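Residue numbers start from 1 in every chain, and the chains themselves are labelled A, B, ... in the order their sequence lines are given, proteins ahead of strands. Here the structure is a predicted model, which is why all the values come from computation and not from measurement.
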Amino acid sequence: MLNKKIVIIDGNSLINRTFYALPIHMANKEGLHTNAIYGFVNILNKIYKEYDPEYITVAFDMKKPTFRHNEFKEYKAGRKKMPEELAEQMPVLKEVLDAFNIHRVELEGFEADDLIGTLAKFCENKDLSPIIITGDKDALQLASDKTKVLITKKGISTLEQYGYDEVLDTYGVTPTEFIDVKGLMGDKSDNIPGVPGIGEKTAIKLIKEHKSIENLLGNLEGLTKKMKEKLTENAEQAILSKRLATIIVDVPVAISLEELKREKPNNEKVIELFNKLEFKKLLKDFDVKKERKTDVESNREVNMIDSIEKVKSLNEKIIKNEEFVLKIFSDHNNIRDEKIICTFMLVENEIYCIKDDGLLLELKPVLESVNIKKIGYELKQDMTSLKEYDIKLDGILIDVKLGAYLIDPSKKDYHISNIYDEFLGEYIENEEELLGKGKGKLNYSQLDEEKLMSYGSNLCIALSKLEGVIVERMKEDDLYELYMDVELPLIKVLGSMEYIGFKVDREKLKEIGNELDERITNLTAQIYADADEEFNINSTKQLGVILFDKLGLPPVKKTKTGYSTNAEVLEKLYDKHDIIPRIIEYRQLVKLKSTYVDGLEAVINEKTDKIHSSFNQMVTATGRISSTEPNLQNIPIKLEMGRNIRKVFVPTSDEYTLLDADYSQIELRVLAHISDDENLIEAFREGQDIHKTTASKVFEVPMDSVTSIQRSKAKAVNFGIVYGISDYGLSENLHITKKEAKKYIDEYLNKYHGVKEYMESIVKEGKEYGYVTTLLNRRRYIPELKAKNFNLRSFGERTAMNTPIQGTAADIIKIAMVKVYDRLEKNNLKSRLILQVHDELIIEVHKDEMDMVKNILKEEMENAVSLQVPLDIDMNEGGSWYETK
DNA sequence: GAGTTCACG
DNA sequence: ACGTACGTGAACTCA
């Protein structure tokens, strides 16, 4: 029968090895280095899989001196201090081990090695099979027929196993003799002297022959004169060295095998720690999942609403209760061709499901009632789904997902499973588990009945439990007003923008596409000729080889993976070869063709001939909205060639015209307001050209002699200020030296003293509270501010400076959107908001309503909030988006 | 799925 | 000494 296995790990030795074997830049976003822990846990994982041990323990050294220090003062003297990057990982590693419920052992006066030796011998006597894991060859003396010593090799990828035979095979001496070898040769890292002049080779040779140091010293015959001298002179030292190198195997320590039993990890703690350490892959490796709580409620009965009587009684119950949880599942195929599969409701702790559209319509009054509160998740989708049934969802709406976003907008996603876990520590199947992902992803109509019923009811329960917690937390964090006054009313505005869409001229798009195709074909041929071979121009790797290896152009910059070939690099090589300008043009054209012509063409709605982008309210860390499928917020404008794409975007019909209204310098105005800077405020109050004013101050010239070059430099400085300036960043942007850039910045901050004070105080504030806020109290946490890593911390500082500016601008335009939308609706106008691009709104205006709409826009946008400086907008109309300039 | 590039504010 | 401008999304290559 096989003996039970016990794994004994030398904690200090192993973490040292993993620390030096893995890249030191591995760190989480708080700046805590994680490489050594990562390696350690990986090895742990490997051991569990390969050996499946019955018992496990990790031994650590203590900082206190051991008996070896008492015997030999110089022991381990001159050893370098553990680097800070490793030291900070030690306590965290111990936390990880605790989370895994792995036993730890350390003892004053002894080293980890001694504890390991003692344990191994103890276990051998109990007929267990000890497996020692270490990064240190010293432990080889413990190898035996029963005890195996595993030593990390080549980084951490392999562990080499040594028993008695393997030590003998490899070194020609037995494990016990290995101690004598070390006694002779000494050990630099432990400062064990040994016999000077004897190294590993000689030591092994001598011990092979004489078996031990004592034997050797008693029989020096047959050795060279020099060797004899060395040995006699250092005899005492050799004996001492041997004693120091000997691992103690009878440390007086009480061992209880029971304590060393391998236990199940505390999954909750492991998950928490791995999340903190950002060990994504390891989470999967260990298959640590939250145990599903056997929630009595999770199998609650679903009341099917399948008759007019039932829907009427449900209706009454809702009116009486004044609130309910709502979750609509639709096939979600297409915004204007969407089919509701079923609607779940939770009223007074009872779950209902409606599948019949006709019966759902019976609930139109309660769904539209402003007096009845609805609790939901992704309510924008529900609103859109209901729109097809001519139902306008209204009332106090609590979107749990939106609330979770406001509470912490930096999260990567807000899946209900994560929110439920985070706020209540409870489990619900995640969407991925339910529907799959990627190609095989199902939609709700393909889900089998049973799963849909259980997921729908569990979701309603989760939402009803979460609502109170989320609202409470919003109130605590001063976010509730932002939610009620801005974010909630914005849901319907975004939904409406998506629903209405932006009309496109298909013919025009095709025309542009054809022209691009022709030019790309020609350019491709020329580039192949230039290169004297055909290659994939889209491949930066292949392009790099052609430009820098074959054609011998000087590489300007490198990336992680090779040569950089971005626009900036190509610009620097512009005159060096004919191929360069062609590549630059090729890149531009291909971008236009693939992203804007083909990309847009692919998302034109067949039914409406329009593009219905999705506007996401819960993505950005600053509070901006984002646009996807397609992104309508990055349609080209800077270069004429790309700008032509905007000719494709047209009004719905000849009754309409497009009107574009954009805030002028909104971010700098926001900066003027929040920094309270006298000069900046004055400049805006007097309607000055702000870049020119900045130029005049930075370069100390009168306003009317500012050159256009100075103005454009000042513009870059203004941008830099908004982004959280650094001399390096500005120097890169302006192609000037860092020193010069620093001069500009210093000059700026001298002249705009309020800005300087703001930048300093906001970083301080961020550090103190852990977050920064916008005008409307929108919050963003910045853990990077406390990072030890310089780059990360600097990034945190720039974020702290930029977020209140960008975020406040986002607040302002969101308010404007809600107000404009409401005015258009209240006045029963046909004109409607169809797009927002961060500081501009695009309205499709009915031609009869132009003046009225212009007034509404001007009023609502300029008075969205009241700042210390005026808000100013520019408006342009046109028959296509291109013309609104 | 990561890395690179490039379109916008 | 450190080495990046802030915020996004999409297309493409390559492992």
- Would you call A:Asp408-A:Lys411 a salt bridge at under 4.0 Å N-O? yes
- Item | Salt-bridge criterion met for A:Lys401 and A:Glu487 (N-O under 4.0 Å) |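 Looking at A:Lys401 and A:Glu487, the cut-off is not met.
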Taking donor-acceptor contacts at under 3.5 Å, does the side chain of [X] reach the base of [N]?
{"X": "A:Lys541", "N": "B:dG3", "result": "no"}
{"X": "A:Ser726", "N": "C:dT4", "result": "yes"}
{"X": "A:Gln633", "N": "B:dC8", "result": "no"}
{"X": "A:Lys591", "N": "B:dC6", "result": "yes"}
{"X": "A:Arg798", "N": "C:dT4", "result": "yes"}

- Query: Cation-pi between A:Lys756 and A:Tyr758: NZ/CZ under 6.0 Å from ring centre and within 45° of the ring axis?
  - Reply: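 Pair A:Lys756/A:Tyr758 does not count as cation-pi.
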- Within 45° of the six-membered ring axis of A:Tyr771 and under 6.0 Å from that ring's centre, is NZ or CZ of A:Arg779 located there? yes
With sugar-phosphate meaning primed atoms plus P, OP1 and OP2, does [X] contact a base, only sugar-phosphate, or nothing at under 4.0 Å between heavy atoms?
{"X": "A:Lys738", "result": "base"}
{"X": "A:Leu730", "result": "base"}
{"X": "A:Gly720", "result": "base"}

From [options], pick the nucleotide closest to the side chain of [X]?
{"X": "A:Asn733", "options": "C:dA5, B:dC6, C:dC14", "value": "C:dA5"}
{"X": "A:Asp727", "options": "B:dT5, C:dC14, C:dT4", "value": "C:dT4"}
{"X": "A:Tyr728", "options": "C:dC14, C:dG9, C:dT4", "value": "C:dT4"}
{"X": "A:Lys638", "options": "C:dC12, C:dA10, B:dC8", "value": "B:dC8"}
{"X": "A:Thr628", "options": "C:dG7, C:dA5, C:dG9", "value": "C:dG9"}
{"X": "A:Phe795", "options": "C:dG9, C:dC6, B:dT4", "value": "C:dC6"}
{"X": "A:Asn791", "options": "B:dC8, C:dG9, C:dC2", "value": "C:dC2"}
{"X": "A:Thr561", "options": "B:dT4, C:dG7, C:dA5", "value": "B:dT4"}

- Are any of A:Asn789's side-chain N or O atoms less than 4.0 Å away from OP1 or OP2 of C:dC2?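 Checking C:dC2 against A:Asn789, no side-chain N or O comes under 4.0 Å of OP1 or OP2.
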- C:dA5 to B:dT5 separation - P atoms, rounded to the nearest Å: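 Nearest-Å result for C:dA5 against B:dT5 at atom P: 13 Å.
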- Task: Taking atom C1' in both B:dC6 and C:dC2, compute the distance separating them and give it to the nearest angstrom.
- Result: 28 Å
- Tell me the partner of C:dA1, counting only Watson-Crick (N1-N3 plus N6-O4 or O6-N4) or G-U wobble (N1-O2 and O6-N3) with both under 3.5 Å; none if nothing fits. none
- Please confirm whether the backbone N or O of A:Met861 pairs with a side-chain atom of A:Tyr663, one donor and one acceptor, at under 3.5 Å?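 Yes: the side chain of A:Tyr663 pairs with the backbone of A:Met861.
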